[in-house]
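The model shown is predicted, which means the values in this text are computed figures rather than measured ones. Here is the naming used below: chain letters follow the sequence lines, and residue numbers restart at 1 for every chain.
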Amino acid sequence: MSSQEQLLEGLNGPQRDAVTHSGSPLLIVAGAGSGKTRVLTHRIAHLMAERGVRPGEILAITFTNKAAAEMKERIEALLGTRAANTMWTMTFHSACVRILRREAHRLGYPSSFTIYDAADSQRLMQLVCKELDLDPKRFPPRSFSFQVSNLKNELVDYDTFSEQAQTEQEKKLAEAYRLYQRRLHEAGAMDFDDLIMITVNLFQMFPDVTEYYRRRFRHVMVDEYQDTNHAQYVFVRELVGAAEDSDTSVVPPAELCVVGDADQSIYAFRGATIRNILEFERDFPNARTILLEQNYRSTQNILSAANTVIDRNEGRPAKNLWSEQGEGPKIIGYVADNEHDEAAFVVGEIDRLTDEGVVRPGQVAVFYRTNAQSRVFEDVFIRTGLPYKIVGGVRFYERKEIRDILAYLRVLANPEDTVSLRRILNVPKRGIGARAEESVELLAARERISFAGALRRVDEAPGLATRSAKAIRNFTALLDELAEAVPGSTPAEIVETVLSRTGYLSELAESKDLQDESRVENLEEFVDLAREFEHTFATLLQDEADLEGEENQGIDPGEPTLVDFLERIALVADTDQIPDEDDEGGVVTLMTLHAAKGLEFPAVFLSGMEDGVFPHTRTLGDKTQLEEERRLAYVGITRAQERLYVSRAAVRSAWGTPSYNPASRFLDEVPSSLVDWRRAESTLAAPPSRTIGGRPGGGSGGFGSTFGGGRAKAAKEAPALSVGDLVNHDSFGMGRVELVDGAGDRTKARIDFGADIGEKDLLVKYAPIEKL
DNA sequence: GCAAGCGAACTTTTT
DNA sequence: GTTCGCTTGC
């Protein structure tokens with residue numbers, strides 16, 4: 001058998017086409033479970049084996065480190081370690097950082113620039129808003145931070161934005177954006193969005209840079225293309241080079257291959273545009289599209305459910321997943337009285353399945369819409385003694401103590417990093433309070449120097465107590481002492497030095513607070529992590545240095561530096577999140593639907609299938625958002641290989657008070673013939689406020705919306721509102737209706753609650769309002 | 001300068 | 001119900 005045949009063996013027709021296609025841009029529309037990663041890796045192998053492409057000429061971009069790691073692993077299995085390590089298989093952000101470390105000096109950034117995560121950039125925005133004297137009630141820094149992020153995703157810089165700013169809000173935002181960006185630059189820092197935007201800017205401002213990378217990457221592949229935002233799209237376009245530029249540009253366009261599925265786009269809320277995948281053929285003329293519709297993951301029952309649900313979304317290109325796996329068991333439904341009963345049912349069922357040997361714990365996943373829902377499950381899992389793991393929630397690197405130490409490391413790597421510097425100024429407590437900080441800030445502003453610079457000139461700080469000045473001098477002396485230890489030390493050694501010399505560890509050790517004990521443990525884990533990093537990273541650096549040869553001259557590849565370590569942490573979230581299905585049968589995985597994307601499990605429990613929970617309340621009034629929720633449902637359903645459970649609770653306490661939620665509309669959208677209801681309705685007594693006779697469940701059509709005892713709150717009669725009406729809201733108080741929009745359950749009203757609260761768009765049916 | 005205490009928020013979030 | 005962040009009071 002030829003190597004070509006070997007590569008194509010076991011692939012279906014469209015998959016083969018996708019692997020062997022050459023020349024024009026290629027869009028692979030890959031339905032859930034259609035073997036997309038396989039196609040991508042085989043395509044890479046094919047490029048190398050049959051078309052003589054060198055691994056260094058390939059750039060494969062993914063969204064998550066998890067996906068990148070998986071692809072790399074598979075490439076390694078197919079092509080060996082060297083090929084896997086020399087090829088760029090990484091996330092958008094990692095690729096951009098690589099480019100920026102090399103080129104950012106052209107824009108006045110140090111090559112060791114700091115990467116600010118969402119929390120850092122929010123903190124900086126807070127400082128900026130304070131500096132601009134903005135009323136946090138009217139101009140919330142959080143919202144500004146969010147909006148600036150959106151602007152950057154759209155590649156709108158502050159100059160462009162200030163030109164079009166009309167309202168006061170926009171003008172203030174433009175001001176904040178400008179100052180925020182200036183502060184970032186001064187601190188030698190970039191936020192996540194900058195990584196993409198500034199790389200694009202570089203490409204557009206320096207043709208020689210673009211040319212360099214175009215020469216280098218002759219094959220660009222992008223996974224999860226439906227999740228790209230505008231900036232990422234432009235990045236890809238710049239890198240590949242447009243066909244129409246080919247007569248002007250020295251380098252012909254690279255070969256582009258993108259993979260995606262518009263139905264699995266669940267990140268529009270953070271700027272992803274399905275547009276990019278829907279308009280691929282327009283963006284890249286001559287493009288070819290290949291559809292992968294055969295699903296190798298799930299049984300037909302599960303796929304049929306997924307298909308009918310997603311079919312409700314309008315304007316999606318036709319696509320129908322099919323499977324050869326047979327019908328499989330029916331979907332099992334359960335209506336619980338409350339969230340505790342729901343969890344008890346789920347865990348009981350898992351217990352039964354594992355006892356009977358149908359599945360091992362590691363083959364089971366429980367999904368929910370919001371992280372808050374995990375609590376109840378955790379309680380029941382603990383009581384039952386079933387092994388489980390919650391994915392997501394509070395992340396390791398987001399813990400206070402880890403962030404504190406990270407701030408020290410960042411200041412050591414980049415002394416101008418103001419946000420980090422200010423974080424550690426008085427941590428551990430050393431008598432530098434808000435007053436002193438303000439005074440230093442004033443000095444910095446007056447002398448037009450950085451905060452770090454002003455710290456060094458405390459004696460000139462206006463109105464600073466001698467005691468504070470002394471504390472600051474001690475602090476800078478401490479920083480100098482730490483900085484001396486940096487050269488010649490490994491990241492792990494630096495971490496240990498910081499922990500001991502700053503007194504951080506001893507402060508925690510002396511504390512009686514129970515939480516501080518686990519903090520110490522976390523810090524110990526962090527040291528271990530640093531050590532592990534040193535080992536794994538050293539090998540990788542060596543491989544890259546071998547390949548890139550002359551290109552890396554002058555850069556010592558041997559030892560991973562502090563900057564390498566920090567970059568790793570900034571770009572790679574928790575590594576061991578998803579449990580492996582291993583030795584002892586593994587553990588049950590609990591996670592949000594968002595976290596579930598890209599995974600598969602033999603048995604899946606979709607919990608909290610209630611209108612108001614999933615779809616989430618905040619999306620009910622907005623068609624676009626509701627469609628995204630529906631895609632989320634589609635993603636959830638298609639994670640299941642053999643067994644799918646759907647459950648809901650009639651009553652669920654949210655924020656202390658019970659809320660009665662009707663069945664999720666997504667349940668109604670599943671054909672009732674596919675579902676076997678273990679319990680179709682709640683026997684719960686009617687809530688005190690009102691009673692509506694229940695219908696029997698499980699009948700033809702919308703079985704999901706039945707609700708035994710009655711309904712309340714969520715299903716109350718919506719007051720008929722018209723413009724001018726006065727209403728009373730449970731928490732906002734009196735308001736006046738300004739606008740009414742939509743019909744039926746989706747009627748929205750804009751209500752003005754006066755100067756303090758302002759206008760709110762509320763969904764009449766769900767809002768706790770009464771007409772006066 | 002610091003700690004306790006109160007009030008507001010509270011989807012999802014690969015980087 | 002909880003957490004986080006800010007304000008108040010010592």
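Summarising the geometry, the separation between CD on Q264(A) and C1' on dT14(B) is reported as 14 Å, rounded to the nearest angstrom. To the nearest angstrom, C1' of dT15(B) lies 9 Å from CD of Q232(A). Going from atom CZ of R435(A) over to atom C1' of dC2(B) covers 15 Å, rounded to whole Å. Straight-line distance from the CE atom of M197(A) to the C1' atom of dT15(B): 15 Å, rounded to whole Å. Across the protein-nucleic acid pair, R423(A) atom CZ and dG5(C) atom C1' stand 13 Å apart, rounded to whole Å. One atom, CD1 of I266(A), and another, P of dT11(B), lie 18 Å apart when rounded to the nearest Å. Rounded to an integer number of Å, the gap from R98(A) CZ to dT15(B) P is 16 Å. Going from atom CD of Q122(A) over to atom P of dC4(C) covers 14 Å, rounded to whole Å.
By the 4.0 Å N-to-carboxylate-O rule, E507(A) lies too far from K429(A) to be salt-bridged with it. Look at D379(A) and R383(A) and you find no salt bridge, because none of the NZ, NE, NH1 or NH2 atoms lies under 4.0 Å from a carboxylate O. Under a 4.0 Å N-O distance rule, the pair E70(A)/R74(A) qualifies as a salt bridge.
Both I432(A) and Q625(A) lie near DNA chain B, and the one whose nearest nucleotide falls closer to the 5' end is I432(A). Closest-nucleotide positions on DNA chain B for L632(A) and A436(A) were compared, and the one nearer the 5' end corresponds to A436(A).
In this structure, the nucleotide among dT15(B), dT14(B), dG1(B) sitting nearest to the side chain of S468(A) is dG1(B). Closest to the K429(A) side chain, of the nucleotides dT14(B), dC2(B), dT12(B), is dC2(B). Of the listed nucleotides (dT14(B), dT12(B), dC2(B)), dT12(B) has the atom at the smallest distance from the side chain of T370(A).
Phosphate proximity of dT13(B) to N371(A): present, with a side-chain N or O under 4.0 Å from OP1 or OP2. Side-chain N/O atoms of N426(A) include none lying less than 4.0 angstrom from OP1 or OP2 on dG1(B). OP1 and OP2 of dT15(B) both lie 4.0 Å or more from every side-chain N or O belonging to S94(A). For the OP1/OP2 pair of dT15(B) and a distance below 4.0 Å, the side-chain nitrogens and oxygens of N65(A) include at least one atom meeting the criterion.
A67(A) comes within contact range of no nucleotide atom at all, as no heavy-atom separation falls under 4.0 Å. Residue Y267(A) is in base contact, counting any heavy-atom pair closer than 4.0 Å across all strands shown. Using a 4.0 Å heavy-atom criterion, one finds that E628(A) contacts no nucleic acid atom at all.
Its glycosidic angle being within 90° of 0, dT11(B) falls on the syn side.
Under the stacking criterion of a centre-to-centre distance below 5.5 angstrom and an interplanar angle below 30°, F269(A) sits stacked against the six-membered ring of dT12(B). By the criterion of a centre-to-centre distance under 5.5 Å and near-parallel planes under 30°, the ring of H616(A) forms a stack with the base of dT11(B).
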What nitrogen or oxygen pairs link the protein and nucleotides 6-10 of chain B at under 3.5 Å?
unit_1: dC10(B); atom_1: N3; unit_2: W655(A); atom_2: NE1; d: 3.4

Pairs under 3.5 angstrom, nitrogen or oxygen only, protein versus nucleotides 6-8 of chain C, please.
unit_1: dC6(C); atom_1: OP1; unit_2: Q126(A); atom_2: NE2; d: 3.4

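E401(A) meets the salt bridge (charged side-chain N to carboxylate O under 4.0 Å, His left out) test with R519(A); sequence neighbours excluded. Remark: Y225(A) engages F280(A) in a ring-ring contact (aromatic ring centres under 6.0 Å, His included) (not counting sequence neighbours). With sequence neighbours excluded, no residue forms a ring-ring contact (aromatic ring centres under 6.0 Å, His included) with Y634(A). Take F381(A) and apply the ring-ring contact (aromatic ring centres under 6.0 Å, His included) test, not counting sequence neighbours, and it matches Y388(A). The salt bridge (charged side-chain N to carboxylate O under 4.0 Å, His left out) search around E378(A) returns none, not counting sequence neighbours. Remark: R410(A) pairs with D120(A) by the salt bridge (charged side-chain N to carboxylate O under 4.0 Å, His left out) rule, at least two apart or across chains. Residues passing the salt bridge (charged side-chain N to carboxylate O under 4.0 Å, His left out) test with E629(A), sequence neighbours excluded: R369(A).
The two residues A30(A) and K36(A) make their nearest non-hydrogen contact at CB-CB, 3.7 Å.
Between the side chain of R369(A) and the base of dT11(B), no donor-acceptor pair of N or O atoms lies under 3.5 Å. In terms of polar N and O atoms assigned as donor or acceptor, the side chain of R270(A) never comes within less than 3.5 Å of the base of dT12(B) in a complementary pairing.
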